[in-house]
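What follows is a set of notes on a single structure, which appears directly below.
Values reported hereafter were calculated over all heavy atoms of this structure, with side chains retained and with hydrogens, waters and symmetry mates removed. Count residues from 1 along the sequence.
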Amino acid sequence: MKELAEPILEKLKEVDKEMGNQNMSEVPQVHFVRNHLQLPAEIDGFEITDEFLEKLEKYIQDELESFHKPTVLH
């Protein structure tokens, strides 16, 4: 999962840097859409299913939130 998410996160971080210090009212949301008419897709050995996309979305969203709203662990 992390292997597929890293390029997406890197691109999102680049876009964030390009935007500068603009304050956002909320953390950006990520949502993937898969064309159900296509046969099951595979990327680097990972079968892309609706369940996989949901997990990937959650992973990327969690990473975005930690990037935009970091917390300090005591």
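Taking both residues in full, the closest heavy atoms of Gln61 and Val30 are given as OE1-N, 3.0 Å, listed atom of the first, atom of the second, then distance.
Interatomic distance, NZ of Lys2 versus CG of Leu56, reported as 13.5 Å (0.5 Å rounding). If you take OG1 on Thr49 and NZ on Lys55, they are separated by 8.0 Å, rounding to the nearest 0.5 Å. Taking CG of Leu12 as the start and NZ of Lys17 as the end, the distance is 12.5 Å to the nearest 0.5 Å. Separating the CE atom in Met1 from the CD atom in Glu6 is a distance of 12.5 Å, to the nearest 0.5 Å. Note that CD1 of Ile60 and CZ of Phe32 are 4.0 Å apart. Values are rounded to the nearest 0.5 Å.
The residues Lys58 and Glu54 are annotated as not salt-bridged, no charged nitrogen and carboxylate oxygen being separated by less than 4.0 angstrom.
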Checking side chain to side chain contact (heavy atoms under 4.5 Å, CB included) for the pair Phe52/Leu4: CA distance, chi angles, key distance, verdict?
CA-CA 11 Å; Phe52 180 82; Leu4 291 178; 3.5 Å; yes
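At most 12 heavy atoms of other shown residues, nucleotides or ligands fall within 6.0 angstrom of atom CD in Glu3.
Side-chain contact between Tyr59 and Leu9: present, with at least one pair of heavy atoms (C-beta onward) separated by less than 4.5 Å.
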